[in-house]
Amino acid sequence: LLVLRRLATLGAGTWGPLGLALGLSGAVWVGRGQRALPLPALAAASPDATAGLPENAASETPARRPTALWTQRLGQGLLLLGWLMTVDGWPLQALLVSLLGFGLRIERQQTRPQRWTLLGAIAIALQFPFLIWELLPTGVLDLLVVPATWLDTANTPAWLLGIYLYPFVVGLVAIAEAYARRDNATLARFSEGSAITINGLLTVISLGAPAVLVVNLIASTITAFITTQRQRLPAFERIIITHGLALVTVLVTLNHRWPDLRDEHWMLISFGLMAVNLGLSRVLRAGWQRSTWVYGLGLAGIAYAQLWHHLANHDFQSYYSLLGLTIPLLMTLLRRDRWSLLAVGLTAPLTLGLTATRLVGLGSATGMAAVQSQRRQQLPMMLVTVGFGLGFAISLIEDGWPGFPNRYDQWYGVLALLLALLWGLNLTLASRSGQAALYGTACDRWGLTLCSGLLLALTAEAGLLYEGWRSPG
């Protein structure tokens, strides 16, 4: 009352020094109210549990609760009023009032842990750096701003908040782990959610300065990885988010270090990250194995789309088309035969634009299909292998024998020769068993297909000659 009366006689410009006194008064009221409240264990106890207490203690516990709550509300109001009076122009007094409120929140959280109490403590703590900043001498401030020149943010040092406030994230993660060890899942999730929210805000702040963003993302990735690894059985969602954050950090770092990378370079980066992730899926275990496999598949799709875009801009005549073969090659090495077969079917056609890439592509596709048919001895696998082999043989005849065939009708002889070779292989392998017999059946099926196509072409050719629509020459 004396403080309020004094305020009535002074101008608004002199209220700052008295705000601390008002905050002290409020802190006293809040402390009295918190100590007057019964402990949760006592408040929730049954009548039998309070039978041993003195009669006045047992009867006063519920009666004193409303009074204690009103005492706390009054003290909190005085603390808020004291802070409002000091925050503008009186940083030292505002910091002291904030410390009083923060200490009371911590005391209450230790005896009556609640989410709202923890949220209040976080909100109070977030203003500490700004109040301390106002109190530091000019020399110290200049020293703290030095990293702005290293990170290309000298014109706007405020972007450094994305780094300087990051210890709050680490502190909240530590608090979440402490609550998790105490089996308080509610507060553990709330603390972790608060850490993620603050980290997200700091990342948004860092978007204005690429160098600060890189540092922020590296710190976020390290924190997320350590937190995930410290859990005995981390959830798959946590693993995949951590993994994704690491990939984003790598891409942002590369873009900051080399901002002039061309599309071809980013395509190579995608293939490289794909290879690393697919390789790690063979080494790692449990959730990390699934995560690397999922991201490996995703990066394979992105790399394939980038390769298609590049080839479309170059009429599908580029040596970069051979990069696509790394996808089925990795799948084959990882013994993912179905995925490898799909990848071969999607990437081998991309290599048909140039002579060298066509031979390498069809030859590699034949070899990988043969490896897969060795593991999965099924007729469809043999048919795919023989089909790619025929494509390689035709390409080898066309590209490896200059000047032949120089007329389209000469292909009839080439196809007849291949047909004889296929049926000869069928006669040789049909008497055997197992894989050889399956290859014999595949050769017979392809022989029938070529025979049908050859007869159809010859019939059409004869019809055109008979009708006089083309001359024999």
Side-chain angles (χ1 to χ4, degrees), residues 321-322 324-325 327-462:
S321 61
L322 295 177
L325 298 176
I327 301 176
L329 178 60
L330 285 169
M331 298 295 181
T332 303
L333 294 176
L334 294 174
R335 307 182 72 87
R336 302 275 189 169
D337 295 329
R338 293 183 179 179
W339 288 100
S340 177
L341 183 61
L342 175 63
V344 167
L346 291 174
T347 57
L350 300 181
T351 64
L352 301 179
L354 296 174
T355 300
T357 59
R358 181 164 56 247
L359 290 173
V360 173
L362 292 174
S364 300
T366 304
M368 287 185 283
V371 172
Q372 295 165 33
S373 63
Q374 180 71 24
R375 298 171 185 166
R376 301 174 60 195
Q377 297 186 9
Q378 300 173 358
L379 181 59
M381 296 300 303
M382 312 302 174
L383 289 171
V384 171
T385 303
V386 175
F388 278 124
L390 284 174
F392 177 72
I394 293 173
S395 178
L396 187 62
I397 292 173
E398 180 183 10
D399 300 324
W401 193 345
F404 179 83
N406 55 10
R407 292 171 48 186
Y408 79 93
D409 54 357
Q410 291 178 345
W411 279 107
Y412 296 151
V414 174
L415 293 179
L417 180 62
L418 290 176
L419 178 60
L421 178 62
L422 287 171
W423 275 338
L425 289 173
N426 176 44
L427 292 176
T428 303
L429 299 175
S431 59
R432 301 183 183 183
S433 60
Q435 185 179 7
L438 291 175
Y439 269 117
T441 304
C443 290
D444 181 57
R445 299 281 178 87
W446 274 107
L448 289 174
T449 303
L450 285 181
C451 180
S452 301
L454 183 59
L455 289 176
L456 182 62
L458 289 174
T459 302
E461 179 82 7

Worksheet item: Does Arg338 reach the side chain of Leu342, with side-chain heavy atoms less than 4.5 Å apart?
Response: no
Worksheet entry | Shortest non-hydrogen contact between Ser340 and Thr332, atoms and distance | OG-OG1, 2.7 Å
Discussion item. Once rounded to the nearest 0.5 Å, what's the spacing between atom CZ of Arg336 and atom CG of Leu330?
Written reply: 12.5 Å
Discussion item. Show the nearest heavy-atom pair for residues Gly324 and Thr347, with the distance to one decimal.
Written reply: O-CG2, 3.3 Å
Discussion item. Can you tell me if Arg376 has over 12 outside heavy atoms packed within less than 6.0 Å of its CZ?
Written reply: yes
Worksheet item: Do Leu390 and Leu422 touch side chain to side chain, with heavy atoms closer than 4.5 Å?
Response: yes
Practice prompt. For the pair Thr351 (side chain) and Leu322 (backbone), establish whether a donor and an acceptor sit closer than 3.5 Å, ignoring hydrogens and angles.
Written response: no
Fill in: Residue pair Tyr439 / Ala370: nearest heavy atoms and the distance that separates them
OH-CA, 4.1 Å
Discussion item. Nearest 0.5 Å, please: how far is CG in Leu415 from CD1 in Ile397?
Written reply: 8.5 Å
Worksheet item: To the nearest 0.5 Å, what is the distance between CD (Gln378) and CG (Leu383)?
Response: 11.0 Å
Worksheet item: Could you state the interatomic distance from CG (Leu427) to CH2 (Trp423), rounded to the nearest 0.5 Å?
Response: 10.0 Å
Worksheet item: Are Asp337 and Arg375 ion-paired here, with the side-chain N under 4.0 Å from a carboxylate O?
Response: yes
Discussion item. What verdict does the side chain to side chain contact (heavy atoms under 4.5 Å, CB included) test give for Val384 and Val344, after you've listed the backbone C-alpha separation in whole Å, the side-chain angles of each residue and the deciding distance to 0.1 Å?
Written reply: CA-CA 10 Å; Val384 171; Val344 167; 5.9 Å; no
Worksheet item: What closest approach, in Å, do Leu429 and Ala436 show between heavy atoms, and which atom pair accounts for it?
Response: CB-O, 3.3 Å
Discussion item. Has Thr385 got a side-chain atom pairing as donor or acceptor with Met381's backbone, closer than 3.5 angstrom?
Written reply: yes
Worksheet item: Can you tell if the side chain of Leu362 reaches within under 4.5 Å of the side chain of Ile394, non-hydrogen atoms only?
Response: no
Worksheet item: With a 4.5 Å limit on heavy-atom distance, are the side chains of Ile327 and Leu346 in contact?
Response: no
Discussion item. Less than 4.5 Å apart, side chain to side chain, heavy atoms only: is that true for Thr441 and Met382?
Written reply: no
Practice prompt. Test side chain to side chain contact (heavy atoms under 4.5 Å, CB included) on Arg445 and Val386 and set out the steps.
Written response: CA-CA 10 Å; Arg445 299 281 178 87; Val386 175; over 6 Å; no
Worksheet item: Once you round to the nearest 0.5 Å, how far does CG of Asn426 lie from CG of Leu421?
Response: 11.5 Å
Fill in: Gap between atom CH2 of Trp411 and atom CG of Leu454 - 0.5 Å precision
13.0 Å
Practice prompt. Please report the closest heavy-atom contact between Leu419 and Gly447, naming both atoms and the distance.
Written response: CD1-O, 3.0 Å
Worksheet item: Taking all atoms of both residues into account, what is the closest heavy-atom pair of Gln377 and Leu438, and its distance?
Response: O-CD1, 3.5 Å
